[in-house]
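Inspection log for the structure reproduced underneath, given as structure tokens.
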Amino acid sequence: MAGIGVVGGTFDPIHIGHLRSAWEVADALLLNALQFVPSSVPVHRQQPVASAEQRLEMVRLSVQQVPNWSVNDSEVCRGGPSYMIDTLTQLRAQVGADVPIWLLLGTDAFEGFVRWHRWQDILQLGNLAVMVRAGVPPVGCVETQRLLLGLHLSASANVGQVQLVPVTALGISATQIRQEVSEGHSPHFLVMPAVCQYIQQQGLYQRNS
Ligand code: ATP
């Protein structure tokens, strides 16, 4: 088995930037499965606008047509603050020791990685794939990389590796989408069509919602 990719995020909402970059990393690292993990109560940022159930549903709608992609609801089911260490511990117990697990992170997330809860233990459970957007030099990552190198991690194929993976730069953010919807614009082509419909049906992100 080539490996499982894990993409954590608030996904408020999940958009094409998340999906395309995950696709490119899966392609580059020959991952044969991808799990998207919406956080329950994110600990490193402001709280989401959509409920956990709504964000979970938008991820489900986005991945349902893609073979071997799935939504992992463990953080939402656990409730409370979402820590990636708990999610990876659970996943490692499910898949066993022999399967490489790759945690996919944007450069922004990687820069703050060493402030994550039990970040050193995360590197004992899996590898990091840092998504570097074309034309955006990962200057802020240098310090984190230096720190990780200093750890002299005992890297095997399955844990402790850090790989920078170039991805297409799609300048889309969930913040921009929420803003556009609140101003009465459609998020068409920024999110999957089913998500666009869902946002409309649920009245999500509208100024008066
Ligand atoms: P927000 O604007 O609400 O902060 P976001 O669009 O950045 O949200 P998150 O759910 O916070 O999305 O991000 C989850 C992960 O996806 C992060 O690691 C982030 O770096 C990455 N990411 C976000 N937008 C993109 C994009 N356009 N291309 C590639 N990766 C992205």
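Both ligands and their constituent atoms are indexed starting at 1 by order of listing. When reading the values below, keep in mind they use all heavy atoms of this one structure, side chains included, and skip hydrogens, waters and symmetry mates.
For Gln201, the CD atom counts as densely surrounded, since its 6.0 Å shell holds more than 12 non-hydrogen atoms of other residues, nucleotides or ligands. The 12-atom threshold is exceeded at CD of Gln94, counting heavy atoms of other residues, nucleotides or ligands nearer than 6.0 Å. Within a 6.0 Å sphere centred on CD of Gln200, other residues, nucleotides and ligands contribute 12 heavy atoms or fewer.
For atom 13 (O) of ligand 1, the closest non-hydrogen atom of the protein is His18 NE2, 3.5 Å. Summary of contacts: the protein heavy atom closest to atom 29 (C) of ligand 1 is Ser21 OG, 3.3 Å. For atom 4 (O) of ligand 1, the closest heavy atom belonging to the protein is Arg45 NH1, 2.8 Å.
Distances between N or O atoms of His15 and those of ligand 1 include at least one value under 3.5 Å. Residue contacts with ligand 1: Gly106 is placed with a nitrogen or oxygen under 3.5 Å of a nitrogen or oxygen of the ligand (distance criterion only). Annotation: Leu170 places an N or O atom under 3.5 Å from an N or O atom of ligand 1; distance criterion only. Note: an N/O pair closer than 3.5 Å links Ala174 and ligand 1 by distance alone. At under 3.5 Å, a nitrogen or oxygen of Ile172, whether backbone or side chain, sits near a nitrogen or oxygen of ligand 1.
The atoms of ligand 1 that sit less than 4.0 Å from any heavy atom of Thr175 are 1 (P), 2 (O), 3 (O), 4 (O). Residue contact check: Gly9 has heavy atoms under 4.0 Å from atoms 10 (O), 14 (C) of ligand 1.
Nearest heavy-atom pair across His15 and Ile172 is CE1-O, 3.5 Å.
Distances from atom 22 (N) of ligand 1 to the heavy atoms of Arg55, Arg178, Arg133 put Arg133 nearest.
Classification of the Trp119-Phe113 ring pair by plane angle, with boundaries at 30° and 60°, yields perpendicular. Ring planes of Trp69 and Phe36: tilted class, angle from 30 to 60°.
In this structure, Gly8 is part of the shell of residues with a heavy atom less than 4.0 angstrom from ligand 1. Note on ligand 1: Asp108 sits in its first shell, one or more heavy atoms being nearer than 4.0 Å. Residue contacts with ligand 1: Gln176 is excluded, as none of its non-hydrogen atoms falls under 4.0 Å.
Residue contacts with ligand 1, taken as heavy atom pairs separated by less than 4.0 Å, do not involve Arg20 at all.
In terms of modelled atom types and a separation under 3.5 Å, the side chain of Asn127 and the main chain of Gln161 share a donor-acceptor contact.
When Leu103, Leu104, Val165 are each tested for a side chain to side chain contact (heavy atoms under 4.5 Å, CB included) with Leu128, only one passes: Leu103.
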Q) Do Arg178 and Asp12 pass the side chain to side chain contact (heavy atoms under 4.5 Å, CB included) test, and can you show the C-alpha distance, the side-chain angles, and the key distance before you say yes or no? A) CA-CA 8 Å; Arg178 293 193 301 274; Asp12 187 23; 3.8 Å; yes
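Note: the hydrophobic cluster containing Val41 does not contain Val71 (ILVMFWY, side chain heavy atoms under 4.5 Å, direct or indirect links).
Within 4.0 Å of atom 7 (O) of ligand 1, not a single protein heavy atom is present.
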